[in-house]
2 protein chains.
Amino acid sequence: MPHSLLAIKQKCTGCNQLIQDKFLLKVADDLWHEDCLRCYKCTQPLSKSCYIKDHKLYCKEDYDKRFGRKCQGCNLGILPDEMVYRLHGSCYHINCLLCIVCSRQFKVGDKYYISDEGKPICKEDYDVAIMYFQLHHPNLKRPRTSITQQQLKMLNSVYRIKPRPSRITREMIATKVGLDLRVVQVWFQNKRAKDKRSITSAHSIITE
Amino acid sequence: MPHSLLAIKQKCTGCNQLIQDKFLLKVADDLWHEDCLRCYKCTQPLSKSCYIKDHKLYCKEDYDKRFGRKCQGCNLGILPDEMVYRLHGSCYHINCLLCIVCSRQFKVGDKYYISDEGKPICKEDYDVAIMYFQLHHPNLKRPRTSITQQQLKMLNSVYRIKPRPSRITREMIATKVGLDLRVVQVWFQNKRAKDKRSITSAHSIITE
DNA sequence: TACTAATGAGTAGTAATCAG
DNA sequence: CTGATTACTACTCATTAGTA
């Protein structure tokens, strides 16, 4: 059963501190310090008008963005109980959420990425774009194969006998341990280089 | 309705201490310190109205939430013997438990997360949101994952045998216990560090 | 407040690349 | 192929910060 009480103390809805100011500012049933009347998002003081949601104040711009009063696809308004997609802080009519590359309409569960302009791209187009990018900037990312202990053992045992295996031997090794031929080749190159390095550095210690 | 009374020795229903204040606050047969008139749940002072249950006071919001009088989805009342979902301290009509992003209706067994506002988000939307967020704030911190006892048991048992598991082992563990690969890696790193710390500190006690 | 998940700087080892 | 270099992976150590 609700009971109404006398107003005992009054706290500011913004900072939750007691209001000692001469005047209380009342905004739609909530009380505020004059100084606390700021947009919850951008913290700009709210001088002319403000929007309220969940006891929080917003400037028009941030309110529209956050609570989706304007579709970022067609730039038209969104009615209060219209269904929307929320995406990266923007709202879209269900029918206005399109991939900016292929214009296909997104459905729930579709994977997507966000362009530099904050607009959605479907995963397929994104992947193609990445592939294309890597084709044209081939040395930006270099996937590194990690060679397991198993494979290393095999490679090492061959290396001890034959540090410079022929193409045919390399092919055998490659299929046997399940590595790319090129990877095997590079491994032997690097291994020889490392060996040489350790030998020369050992030598320099002795001679110094 | 509150009544002010003359000061006689009376105990506060909230803190059970003697009331020495000039005025006693009486709320439905119980006496309270002015300062103790707070919501039992959120501890906010009760300025306008309060709800009572079992000699405890609640603000309207928490009362409705706690005693399930109001569906947190449609904001309408819940009849005493109506079926509800209970989620994170709130009640919902069976048909009112919707993902706040895609509005899809939850079914028993569906995975969900809870938004900052305490509302449910389906796992798919949550994952997409996280992906986005990380795409656009790549150097913001990853939220701290809490590792369950179950997972800890698994990790520890592996650690005893192999304190330095290979990438492949880590991958196996990660999928088995349902943790991110990186999280597993960090756990092993931290575990090794902790072990080392305890060993060296034990040593310093002996040698000192 | 203690424990510990996460971060960051610095380092080692080595797979991959490039020039010659 | 070699030699030099680049850059990916993983580690340690010290610190920061989230949570029971």
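In what follows, every chain begins at residue 1, and chains take the letters A, B, ... in the order their sequences are listed. Below, all heavy atoms of this structure are taken into account, side chains as well, without hydrogens, waters or symmetry copies. Note that this is a predicted model, so its numbers are computed, not measured.
For the pair B:Arg192 and D:dT12, the criterion of a side-chain N or O lying under 4.0 Å from OP1 or OP2 is met. For the pair A:Gln189 and D:dT2, the criterion of a side-chain N or O lying under 4.0 Å from OP1 or OP2 is not met. Phosphate proximity of C:dA6 to B:Thr145: present, with a side-chain N or O under 4.0 Å from OP1 or OP2. A:Lys196 has a side-chain polar atom (N or O) that falls below the 4.0 Å cut-off from OP1 or OP2 of D:dG3. Contact between the side-chain N/O atoms of B:Arg167 and the OP1/OP2 oxygens of D:dT9 is not found at any separation under 4.0 Å.
As a whole-Å value, the separation of B:Arg182 CZ from C:dG8 C1' is 10 Å. Atoms CG (B:Asp180) and C1' (C:dA5) sit 13 Å apart, rounded to a whole Å. In this structure, the CG atom of B:Leu181 is 11 Å from the P atom of D:dC11, given to the nearest Å. Straight-line distance from the NZ atom of A:Lys191 to the C1' atom of D:dG3: 18 Å, rounded to whole Å.
Of the possible donor and acceptor atoms, none in the side chain of B:Arg170 sits under 3.5 Å from a partner among the backbone N and O of B:Val184.
Across every non-hydrogen atom of B:Phe106 and B:Cys99, the tightest pair is CE1-N, 3.3 Å.
In this structure, A:Tyr159 and A:Trp187 have perpendicular ring planes: the angle between them is above 60°, well past the 30° mark.
Counting non-hydrogen atoms under 4.0 angstrom, A:Arg170 reaches the backbone sugars and phosphates but no base. Within the nucleic acid shown, B:Gln185 comes within 4.0 Å of sugar-phosphate atoms alone, with no base atom in reach, counting heavy atoms only.
Positionally, the nearest nucleotide of DNA chain D for B:Arg164 lies more toward the 5' end than for the other of B:Ser146 and B:Arg164.
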Pick out the pairs of N or O atoms, protein on one side and nucleotides 11-14 of chain C on the other, that lie under 3.5 Å.
| unit_1 | atom_1 | unit_2 | atom_2 | d |
| --- | --- | --- | --- | --- |
| C:dG13 | N2 | A:Arg144 | NH2 | 3.0 |
| C:dT14 | OP2 | A:Lys194 | NZ | 3.0 |
| C:dT14 | O4' | A:Arg144 | NH2 | 3.4 |
| C:dT14 | O2 | A:Arg144 | NH1 | 3.0 |
| C:dT14 | O2 | A:Arg144 | NH2 | 2.9 |

Item to check | B:Gln105/B:Asn95 under side-chain contact (heavy atoms from CB on, under 4.5 Å): CA gap, chis, key distance, verdict | outcome: CA-CA 7 Å; B:Gln105 196 172 317; B:Asn95 296 327; 3.3 Å; yes
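Annotation: B:Glu171, atom CD; neighbour count of heavy atoms from other residues, nucleotides and ligands within 6.0 Å is above 12.
Every residue two or more places apart in sequence or in another chain that forms a side chain to side chain donor-acceptor pair (under 3.5 Å) with A:Lys191 is listed here: A:Asn156.
Sorted by first and then second residue, the salt bridge (charged side-chain N to carboxylate O under 4.0 Å, His left out) pairs involving residues 154-165 of chain A (not counting sequence neighbours) form an empty list.
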